[in-house]
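What follows is one structure encoded as C-alpha cells, with my remarks underneath.
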Amino acid sequence: MRTARLAVAVAAALAAATAGTLTVGAAPSGAATCNGYVGLTFDDGPSNDHTPAVLDALRQNGLRATMFNEGQYAASYPAQVKAEVDAGMWVGNHSYTHPHLTQLSQAQIDSELSRTQQAVASAGGGTPRLFRPPYGETNATLKSVEAKYGLTEVIWDIDSGDWNGASTDAIVQAASRLGDGQVILMHEWPANTLAAIPRIAQNLASRGMCSGMISPQTGRAVAPDGSGGGGGGGTGGCTATVTAGQVWDDRYNLNVAVSGSGNWTVTANVPAPEKVMATWNVTASYPSAQVLVAKPNGSGDNWGLTVQKNGSTTWPTFSCTSN
Ligand SMILES: [Zn+2]
C-alpha cells in the first residue's frame with residue numbers, strides 16, 4: 001500500500017514538474033532551491049463541480065496544497081477526496097457542516113470533528129492531522145476537542161478574500177505577500193481563485209518560494225515530507241489511534257493503537273505544563289521536555305502513557321511515521 005502510494009506521488013510530482021516547466025516556464029516545484037515554503041489552503045470542498053479543476057490547475061503548475069474538507073462533502077464525494085490525495089495534496093478537517101463551532105456544546109463540536117475524521121478516512125484521505133475552524137472562530141472548548149483527535153488548529157496568516165468577491169488580481173497580490181512558513185486562506189469554489197492559480201505559481205517561482213505541507217507539529221508551512229498526500233495519521237504509512245484510559249486527580253492514562261505498519265515511530269507533543277510520567281509497551285525517548293518519541297519494543301502495536309496533569313487535561317497530539 002505504502003509503496004503504491006509513493007509511486008503515484010512520485011509520478012504525479014514528475015508530471016507536475018514537467019507540465020510546470022512547459023506551461024509556466026518557471027522553476028518547477030521541487031527544484032533544488034527553495035528559499036522557503038508557503039502553505040496554500042483551499043477550504044469548503046470537496047465537490048464534483050470545483051475540485052477536479054482546482055486539482056488540475058495545481059498539478060499543471062507544480063503546486064501542492066492542503067484541502068480543508070467538510071465532512072459532509074467528503075461523505076458525499078469520496079472519489080474527490082481520493083483525487084486530492086492522488087494529486088499530491090494533503091487533506092485537513094474543516095468540520096462536518098461548517099457551523100459556528102464556538103456557539104456549540106462540547107458534545108456537538110466533538111460530533112462535528114469526529115464525523116469528519118471518519119468521513120475523510122473512509123474516503124481514502126487518511127486521518128486528518130490538521131483542522132481549520134470555520135470562519136477562523138475558536139475557543140478553549142474547541143481546542144480541547146481538537147487535541148482529543150490529535151488535530152493541529154490552522155488559521156491563516158493571509159486571507160485572500162476570495163470568499164468575499166476578491167478579484168483574481170487581488171488574490172494573486174495576497175499570495176505575493178506570503179513569507180516562509182506562512183499560510184494563505186483560499187476556497188475551492190470561487191472562479192477567481194481558480195484563475196489565480198497559474199499566476200500564484202509564477203509569483204512564488206519568481207521569489208524562489210515553493211508550496212509546502214503544513215506541519216502538524218507547528219502549524220507552519222514546511223518542505224513536503226515525501227510521503228505523498230493524505231496529510232493524515234496515515235502519512236508515512238501508519239495511524240496512531242488514541243483513546244482515554246484511567247483518570248486520577250493528578251494524572252491520566254491514554255491508550256495508543258498503531259495500525260498500518262509494524263515498524264513505526266510515534267511522536268507525542270505534550271502541552272505544557274503537562275508531563276509524561278510513564279509509558280508501557282514501548283521504548284520511550286524524550287528529545288525535549290514536551291516531546292515523547294515512542295518506538296516498538298517487541299510488545300506489539302498497543303501501548304500507552306501516563307500524563308501528569310499539573311492543572312491541564314488537554315491531550316497531547318500524536319503523529320505516526322512508518323520507518
Ligand atoms: Zn469554510
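The analysis underlying the following values was restricted to heavy atoms, covering all of them including side chains, and did not include hydrogens, waters or symmetry mates. Since this is a predicted model, take the numbers as computed values, not measurements. First listed ligand is number 1; within each ligand, the first listed atom is number 1.
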- In sequence, state the C-alpha distance, the side-chain angles, and the governing distance for Asp162 and His187, and then conclude on side-chain hydrogen bond (donor to acceptor under 3.5 Å, both in side chains). CA-CA 7 Å; Asp162 65 345; His187 297 78; 2.8 Å; yes
- Under a single-linkage rule joining Ile, Leu, Val, Met, Phe, Trp and Tyr whose side-chain heavy atoms are separated by less than 4.5 Å, which residues share a cluster with Tyr73? Tyr77
- Item | Contacts of type side chain to side chain donor-acceptor pair (under 3.5 Å), residue Glu70, not counting sequence neighbours | Gln72
- Partner set under side chain to side chain donor-acceptor pair (under 3.5 Å) for Asp157, not counting sequence neighbours: Arg220
- Message: Just by distance, no angles: are the side chains of Asp110 and Tyr149 close enough, under 3.5 Å, to form a donor-acceptor pair?
- Response: yes
- What protein N/O/S atoms lie closer than 2.8 Å to the Zn ion (ligand 1)? Asp44 OD1, His94 NE2, His98 NE2
- Query: Ring centres of His94 and Phe131 under 6.0 Å apart?
  - Reply: no
